[in-house]
Chemist: 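This is the structure, below, for whatever I ask next.
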There are 2 protein chains.
Amino acid sequence: MAMGKRNAEPCCPPADQAADLRPIEGGAADEELAALAKALGHPARVQILRILVRTSTCVCGDIVDELPLAQSTVSQHLKVLKEVGLIRGEVDGPRVCYCIEPRALRRLKALVGGL
Amino acid sequence: MAMGKRNAEPCCPPADQAADLRPIEGGAADEELAALAKALGHPARVQILRILVRTSTCVCGDIVDELPLAQSTVSQHLKVLKEVGLIRGEVDGPRVCYCIEPRALRRLKALVGGL
DNA sequence: GGCGCCTATCGTCGGTCTACGATGGCAATG
DNA sequence: CATTGCCATCGTAGACCGACGATAGGCGCC
């Protein structure tokens with residue numbers, strides 16, 4: 001099992017289209033938007049997010065090469081994005097594949113759009 | 001002069017509808033989005049922004065009363081929002097009126113929507 | 001089994017943020 | 001002219017963030 005398969009979608013979510021029912025304003029929404037915005041509040045993380053959105057598939061070990069930062073620093077930025085739920089990381093054999101979490105991205109757009 | 005006048009628009013921008021021509025992606029856009037997002041990355045600032053958007057007119061001295069923070073702290077949050085251009089503050093006699101900057105808000109929505 | 005690659009985590013240092021009280025400036029009021 | 005109200009700024013203390021090197025762990029390969 002688990003031969004060298006590393007093509008398109010070993011981890012990307014299956015395009016769920018369920019609408020988000022949480023409110024778009026109020027105290028809880030304020031804190032949620034603030035948390036998401038804080039995660040975006042760094043150029044490197046914006047860049048990482050863009051890379052993941054652009055490829056529209058999971059990216060494994062190539063993210064470090066795209067940024068002028070040390071490997072540990074990139075790992076921490078990935079951790080921040082993962083903690084707010086904007087990205088997902090799954091182990092695919094020897095490497096870890098990161099992909100975007102479309103629901104969280106839609107949620108962010110909804111919260112910002114609701115301003 | 002200047003009796004209790006504090007109604008609609010002593011400072012609010014005249015609803016300019018000029019489209020923003022700056023690019024929505026690339027290195028400069030990344031830093032711009034990161035700066036805007038960092039300014040939003042605090043619940044108090046999200047709340048302030050919502051207050052200004054809700055009233056859709058300038059708010060003078062009532063912002064401090066809406067938040068559970070000291071006056072100096074609120075002033076600093078206002079300064080952060082002003083430095084990224086999301087809000088505008090103009091002196092109106094004895095008090096200072098804050099209002100939202102629709103262009104910056106539209107720019108933020110465009111940048112987030114462009115993800 | 002041992003080696004090498006890739007990633008996460010730890011520890012640390014310097015810088016920034018957040019919160020507050022205290023202080024100072026400015027305009028209107030008395 | 002003195003006072004009052006409103007806001008900005010300063011100074012400070014504690015918490016957090018961003019960056020890095022060093023270290024540890026998991027997996028494939030020889």
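What you see is a predicted model, and the numbers here were worked out from it, not measured in a lab. Below, chains carry the letters A, B, ... as their sequence lines are ordered, and counting in each starts from 1.
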Chemist: Rounded to whole angstroms, how far apart are CD on A:Glu31 and P on C:dT18?
Modeler: 14 Å
Chemist: Closest-nucleotide mapping onto DNA chain D: is B:Val64 or A:His42 further toward the 5' terminus? I mean the 5' end.
Modeler: B:Val64
Chemist: Is it the case that the base of D:dA8 and the side chain of B:Gln76 share a donor-acceptor contact (distance under 3.5 Å, atom types as modelled)?
Modeler: no
Chemist: Mind checking the CG-CZ spacing from A:Leu108 to A:Arg106? Nearest 0.5 Å is all I need.
Modeler: 12.0 Å
Chemist: Check this for me, if you would: do B:Glu32 and B:Arg22 make a salt bridge, where the nitrogen-to-carboxylate-oxygen distance has to be below 4.0 angstrom?
Modeler: yes
Chemist: Between C:dT23 atom C1' and B:Gln71 atom CD, what is the distance in whole Å?
Modeler: 12 Å
Chemist: Output yes when at least one side-chain N/O atom of B:Arg45 is less than 4.0 Å from OP1 or OP2 of C:dT18, else no.
Modeler: yes
Chemist: For the hydrophobic clusters of this structure (ILVMFWY residues joined by side-chain heavy atoms under 4.5 Å, transitively), does one cluster hold both B:Leu49 and B:Val80?
Modeler: no
Chemist: Hey, does the side-chain of A:Thr73 have a donor or acceptor N/O within less than 3.5 Å of a partner on the base of D:dG18?
Modeler: no
Chemist: What is the separation between atom CZ on B:Arg95 and atom C1' on C:dG25, rounded to the nearest whole Å?
Modeler: 17 Å
Chemist: Would you kindly give the NE2-to-C1' distance between A:His77 and D:dC16, to the nearest whole Å?
Modeler: 14 Å
Chemist: Quick one: label A:Leu78 by what it contacts on the DNA or RNA (base, sugar-phosphate, nothing), any heavy atom closer than 4.0 Å.
Modeler: nothing
Chemist: What's the CG-P distance between A:Leu81 and D:dC17, to the nearest Å?
Modeler: 14 Å
Chemist: For A:Leu105 and B:Leu115, which heavy atoms make the closest approach, and how far apart are they?
Modeler: CD2-O, 4.1 Å
Chemist: Rounded to whole angstrom units, what separation is found between the NZ atom of A:Lys79 and the C1' atom of C:dA8?
Modeler: 8 Å
Chemist: Step through the shown structure and confirm whether more than 12 heavy atoms of other residues, nucleotides or ligands are within 6.0 Å of NZ on B:Lys38.
Modeler: no
Chemist: Tell me: NZ of B:Lys38 to P of C:dT18, nearest whole Å?
Modeler: 9 Å
Chemist: Calculate the interatomic distance between A:Leu67 atom CG and D:dG18 atom P; express it in whole Å.
Modeler: 14 Å
Chemist: Whether B:Ser75 contacts D:dA8 is assessed here as follows: a side-chain N or O lying under 4.0 Å from the phosphate OP1 or OP2. Is that the case?
Modeler: yes
